[in-house]
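Notes for the one structure printed next.
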Amino acid sequence: MIDCVGKSPEYVLKTVFGYGEFRLLQRQVIENVLNGVDTLAVMPTGGGKSLCYQVPALIFDGLTVVVSPLISLMQDQVASLRNSGVDAVFLNSSVDWEQYRESMNSIRFGSTKIVYVSPEGLSSPRINELLHEVDVKCITVDEAHCLSSWGHDFRPDYLEIASVRKQFRNAVCLALTATATSQVRDDIVRNLALVNPQVLLSSFDRPNIFLSVKQKRKDGLEQIVECIERHRGESGIIYCFSKKDVDSLSEKLRSLGYSALGYHAGLSNEERAGNQERFINDDVSIMVATLAFGMGINKPNVRFVIHQTMPKSIEQYYQEIGRAGRDGLPSEALLLHSNGDGSKIRFLFDESENVDRPRAEKLLRGMESYVSGQSCRRVELLRYFGEDYKGRNDCCCDLCSMGAAPKRDLTVPVQKLMSCIIRTGTRFGANYVIDVLVGSKNKKILERGHDKLSTYGIGTEFDVDGWKSLVEVLILNGLLVKVGEYSVLNMTQRGLDLLRSRSKIELEFRTAVSTVEERKASSRAGSIAFPKPERKSSSQPKVIDFGGDEVSRNLFESLKKWRKAKASEEGVPPYIIFNDRHLLSIVAKKPRSINELLECSGVGEMKTQKYGGEILSLVANL
């Protein structure tokens with residue numbers, strides 16, 4: 001194991017982890033930890049949060065305790081650290097007593113630098129007594145959003161961490177999370193009892209992920225296959241609404257020759273664990289899952305994440321797409337949606353006794369607004385988290401890639417929409433007004449007699465999603481506004497003036513295939529043949545491309561095969577050996593000596609000792 005006590009952060013970063021420079025807020029967070037400043041750091045998934053405590057842990061002459069919510073996360077982190085020459089252990093229910101006792105002794109003797117525990121384990125008498133026998137320098141709380149009822153994964157056990165932390169007042173406390181609104185951040189600081197903390201916010205942007213939203217055609221299978229084909233042979237996750245959807249889609253994909261497995265609560269613990277392990281180890285390419293899958297996944301080479309239906313909140317969506325491209329390489333997030341998605345989610349709200357309905361409705365409306373948005377996806381997504389993203393020419397989303405939306409004469413549909421708002425009494429949200437416009441048989445519409453209104457069923461220009469998009473455009477242009485807790489749709493004075501004057505209304509507006517005539521034509525389309533050739537478009541996501549350099553491509557494939565064999569031999573996931581970004585660095589540099597290999601990203605001294613000869617041999621045999 002490598003001794004780095006008292007060394008500089010840069011020395012540890014290069015010697016142990018093989019990186020030449022820090023990213024995002026890493027250096028600032030590390031300085032805070034080394035200086036004993038309590039810190040809450042909000043950094044995106046894949047932003048290198050773990051280095052923020054691992055680097056100081058190796059510099060400290062003492063122990064760093066990491067509180068982590070899942071066994072799989074602990075196992076993954078410890079395997080990765082040990083592979084890099086760091087003595088780390090985890091203490092949880094998966095460890096047999098003999099190994100547990102050995103790990104406790106290694107902590108007592110000072111050889112172990114980092115110990116991972118669950119929040120329940122942290123407050124257990126055995127671990128509590130152990131920690132009082134050693135010098136605890138840092139307590140790190142990973143996935144700190146679990147401390148907040150406003151977070152997407154609240155865990156009551158996390159609330160006990162503060163009482164344990166108070167027993168080690170000389171230890172600095174570091175809280176880390178990938179998603180945190182201002183409410184969540186306030187909860188974390190308060191519930192952890194952080195002392196004069198610094199709250200550091202990194203950008204939430206993940207520029208390597210291509211963001212795309214498409215209206216679902218039929219069951220979405222054709223669009224899902226098109227995405228898989230863009231990333232043929234790569235790993236991906238597909239999120240579905242229900243267990244039934246998971247089983248159906250995974251079976252269809254297997255029948256088409258794709259390597260796919262399912263994951264949901266209806267499977268046995270053994271089946272779920274086995275399927276997850278096969279996915280992590282690259283033995284299967286595609287995981288079709290409910291939202292229960294993914295929190296414990298640190299797999300960096302997931303190249304695509306597909307949502308078969310709309311998620312219930314932007315927090316959930318952001319967390320799930322964050323499982324793509326954790327290594328920083330080009331990846332894709334495709335969201336498919338249909339008119340009935342919101343209704344299905346609202347039905348679940350009604351059926352559940354534990355849902356805070358007003359709050360859940362607010363979150364869902366935020367997701368619906370994102371789906372129907374007309375401007376840059378990143379602007380909309382990051383605005384939700386309080387980040388003012390100005391947009392860039394190189395933005396990687398479907399709307400920006402297609403260029404500016406065309407200017408269209410929207411006078412008639414806008415007049416219909418505004419008239420419908422007035423005739424329904426300016427008392428309803430966009431969804432209800434649109435249901436009236438398109439002639440929905442909604443029970444409440446019939447009970448109120450709104451099926452007798454002159455505006456009932458006249459909205460033939462667009463489908464429901466098209467009308468939602470129009471609402472968002474009109475809000476963006478100051479003609480409509482959402483008012484109050486229930487987002488009642490109303491006109492601004494400017495909108496009212498335009499309606500009264502019957503002025504021509506031209507705005508930038510883009511919709512999917514959505515007119516009545518086009519929908520009828522779409523429904524008459526024949527069966528789908530798979531795989532279907534891609535239609536080339538300016539809005540296609542980037543993929544890993546060697547630009548015709550077959551030597552480099554062949555070396556990359558050889559390194560991947562070697563990595564898979566080495567991982568099987570050592571009993572760890574392939575990315576523990578090296579991730580794809582590290583392999584591409586080796587491919588780019590084609591090192592011919594140990595010193596040249598050490599210049600490659602992610603290649604530290606321990607990995608060079610272990611794998612250097614074999615890698616150099618592969619390069620030499622080009």
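Residue numbers run from 1 in the order of the sequence given. Quick note: numbers below take in every heavy atom, side chains included, and nothing from hydrogens, waters or symmetry partners.
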Under 3.5 Å side-chain donor-acceptor pair for S80 and N83: no

Within-4.5 Å side-chain heavy-atom neighbours: Q183 and S148: no

Under the salt bridge (charged side-chain N to carboxylate O under 4.0 Å, His left out) test, residues paired with D283 that sit two or more places apart: K564

Aromatic ring proximity, centroids under 6.0 angstrom, F556 and F546: yes

Donor-acceptor pair between Q215 and D463 side chains, under 3.5 angstrom: yes

Distance-only polar pair, side chains of D245 and S248, donor-acceptor under 3.5 Å: no

Flag side-chain contact, heavy atom, 4.5 Å: M310 against I345: yes

Donor + acceptor pair across side chains of Y158, E143 (<3.5 Å): no

Distance-only side-chain donor-acceptor flag, S369 / E472, under 3.5 Å: yes

Side chain to side chain, D282 and N301, heavy atoms closer than 4.5 Å: yes

Any donor-acceptor N or O pair under 3.5 Å, side chains D205, S203: no

Under 3.5 Å side-chain donor-acceptor pair for Y575 and D76: yes

Non-hydrogen side-chain atoms of K218 and E222 separated by less than 4.5 Å: no

Distance flag, aromatic centroids of F385 and Y318, threshold under 6.0 Å: yes

Any donor-acceptor N or O pair under 3.5 Å, side chains S285, E234: no

By salt bridge (charged side-chain N to carboxylate O under 4.0 Å, His left out) - contacts of R278 (at least two apart): none

R563 bridged to D580 by N-O distance under 4.0 Å: yes

Cation-pi check, K444 onto Y432 ring (under 6.0 Å, within 45° of axis): no

Within 6.0 angstrom of F347 CZ, more than 12 heavy atoms from elsewhere: no

Any side-chain donor near an acceptor of the partner, T290 and H264, under 3.5 Å: no

Test ring-ring contact (aromatic ring centres under 6.0 Å, His included) applied to H307 - qualifying residues, sequence neighbours left out: Y239, Y317

Close side-chain approach of Q308 to F241, heavy-atom, < 4.5 Å: no

